[in-house]
Amino acid sequence: MNFPTKHLLQLSANIKMPDVVFRDKEKFYLFLIQAGMFISENSALRNLCSEMVSVNCPKVRSAGHDFTDIREDLKDFIENFNSLSQEVPDNCDRIYIDGCWDIMHSGHFNAIRQAKMLGKTLVVGIHSDEEIMRNKGMPVMNNEERVAMIKACKWVDETVENAPYSATSEWLDSVNCKYIAHGDDIAINCDGQDAYSILKSLGRFKVIKRTEGISTTSIVGKLLLMTKENKAAVSEPFVANDIVSQPTFLATTRRIFEFSNKNIKPKGQIVYVDGSFDLFHIGHVETLRKAKGLGDFLIVGVHDDQTVNFYKGSNYPIMNLYERVLNVLAIKYVDEVVIASPWIVTEDLLKSLNISLVVQGTISKLDPTVTQKRKQSLVYEDCQDPYEVPKRLGIYQEVPSERSIETKDIIQRIIDNRLKHLNKYSRSSKKEENYYTDIKTYIEEI
Ligand code: CTP
């Protein structure tokens, strides 16, 4: 139903009726409230009015004006509204969500999942590098990398690149969606305004629960801490907020259930691939795609935090086990995940899961530089090949990792542009702190 909001907006500029002239928006909203009160049988108009009032006009809400003298005009207006709204195609089932989607994480995937639940078809807008730079600051992942992650997500039906940071009703119409969905935080654009204020005032905005304790900002904060040791050439004081005190991501069983592929049973040739899948990126997704292509059912083993830390050292992993599990589950090539999978692929594991093929990318979890470092450490006992059994059984296969991107490359990007990322981090982390202390209220997760 495109008509009502568009038409009402046109009217709001300067409505002439026999007895009243609406010169400003506030008066127009007053009129709408009255219309909504009179016409209880028109639920579309009633909802529109109450949405407009609740998002836009706290002042108007308490004004309590009496418009009984314009009842007849209201009747005409509503008749007109009813007849025109019937001609409008119903695109309520097409939902739009947009974002930077920089360093994809489980909060992004959970937002996309919830948005999909609001309708039948989900259209995801992706801002360009330039648009992100203008409104938020430098992204870590480039456009191609960010787009690939969205395209691989199982809840995404359509994608739109070069999406504007501040979507307008014309933009929503152009992608044939009635509503835009966004987390309950406020997205501020380069003019210092709420990027969605117009759509909120038009009742075309749906709030979804923002996932606590995870954000690109907090990930970049952790990476900045890790790059401290490499910042010899950079002399600024480190001003990052205390990351440890931020809210924790809550790995509820419901979240894991909602992300999982319900009612799917293993069938045909079962392929297994394992790893840490930390700082989830296009390289991981490409390998998952190729692994799935080698069979019918893909099981992904995700190692626990202690195991990853033992083999990779330093502050790894950046994302915890459950965040990494949800990321992997959001990808359309993945059928099943083993949470905290063993480092070594044993004969028992192969039997338990009926695995026919074990796959690794050529950039594998056995990073030679890391293994070398570990060998020098006291706790490193052996460097047994974790794939010795599948190799011996002739069921091990490597697929070329087409993207030369690894977790350490992402860290290198932060090092290369440390000051820019530091400035962006300082701004965003203040905004995030403000969200948790002042804005956040309970919102039910869909
Ligand atoms: N989002 C969410 N939960 C998070 C982080 C993001 O629900 N923990 C939602 C946002 O509310 C938005 C969408 O994901 O609807 C895309 O967000 P994006 O534009 O990528 O940026 P931010 O909201 O700033 O998220 P981040 O700090 O992680 O970049």
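By convention here, the first residue in the shown sequence is residue 1. Whatever order the structure lists them in is the order used to number ligands and atoms, beginning at 1.
- Atom 23 (O) of ligand 1 has as its closest protein heavy atom Arg210 NH1, 3.0 Å.
- Contact annotation: for Glu212 versus ligand 1, there are no heavy atoms closer than 4.0 Å.
- Counting only N and O atoms by type, the side chains of Asp274 and Gln360 include a donor and acceptor under 3.5 Å apart.
- Residue contact check for ligand 1: Ile219 places no non-hydrogen atom closer than 4.0 Å to it.
- Cation-pi geometry between Lys206 and Tyr179 is satisfied (NZ or CZ under 6.0 Å from the ring centre, within 45° of the ring normal).
- Side-chain atoms of Thr121 and Glu158 include no donor-acceptor pair closer than 3.5 Å.
- Between the Glu445 side chain and the Arg254 main chain, no donor and acceptor come within less than 3.5 Å of each other.
- Among all protein heavy atoms, the one lying closest to atom 9 (C) of ligand 1 is Ala111 CB, 3.7 Å.
- Where the criterion is an N or O separation shorter than 3.5 Å, residue side chain and backbone included, Asp98 fails it with respect to ligand 1.
- Ligand 1 has no nitrogen or oxygen under 3.5 angstrom from a nitrogen or oxygen of Ile97.
- Applying the 4.0 Å criterion to heavy atoms of Gly99 picks out, from ligand 1, the atoms 16 (C), 19 (O).
- With respect to the salt-bridge test (charged N to carboxylate O, under 4.0 angstrom), the residues Lys209 and Asp184 do not qualify.
- With respect to the salt-bridge test (charged N to carboxylate O, under 4.0 angstrom), the residues Asp157 and Lys120 do not qualify.
- At a heavy-atom cutoff of 4.0 Å, ligand 1 is contacted by no atom of His127, backbone or side chain.
- Between the side chains of Asn189 and Ser166, a donor-acceptor pair is found at a separation under 3.5 Å.
- At least one N/O-N/O distance between Ile214 and ligand 1 falls below 3.5 Å.
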Could you go step by step and tell me if His303 and Ser276 meet the side-chain hydrogen bond (donor to acceptor under 3.5 Å, both in side chains) rule?
CA-CA 5 Å; His303 303 311; Ser276 22; over 6 Å; no
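- Not a single N or O atom of Ser215, backbone or side chain, sits closer than 3.5 Å to an N or O atom of ligand 1.
- Atoms of ligand 1 found under 4.0 Å from any heavy atom of Gly183 (numbered from 1 in listed order, with element): 11 (O), 15 (O).
- Between the Trp155 side chain and the Ala111 main chain, no donor and acceptor come within less than 3.5 Å of each other.
- Where the criterion is an N or O separation shorter than 3.5 Å, residue side chain and backbone included, Cys100 meets it with respect to ligand 1.
- At under 3.5 Å, a nitrogen or oxygen of Lys136, whether backbone or side chain, sits near a nitrogen or oxygen of ligand 1.
- Of the N and O atoms on the side chains of Glu323 and Asn327, not one donor lies less than 3.5 Å from an acceptor on the other residue.
- We find that Lys178 and Asp173 are not joined by a salt bridge, their nearest charged nitrogen and carboxylate oxygen being 4.0 Å or further apart.
- Of all the atoms in ligand 1, the ones that sit under 4.0 Å from a non-hydrogen atom of His182 are 10 (C), 11 (O), 12 (C), 15 (O).
- Of the polar atoms of Thr216, at least one N or O is found under 3.5 Å from an N or O of ligand 1, judged by distance alone.
- With hydrogens left out, the protein atom closest to atom 3 (N) of ligand 1 is Thr211 N, 3.1 Å, a heavy atom.
- Judged by a 6.0 Å distance limit and a 45° cone about the ring axis, Lys200 is positioned over the six-membered ring of Phe205.
- The nearest protein atom to atom 16 (C) of ligand 1, hydrogens excluded, is given as Trp101 CZ3, 3.4 Å; this is a heavy-atom distance.
- At least one N/O-N/O distance between His108 and ligand 1 falls below 3.5 Å.
- By the criterion of a heavy-atom distance under 4.0 Å, the side chain of Asp185, and not its backbone, is placed next to ligand 1.
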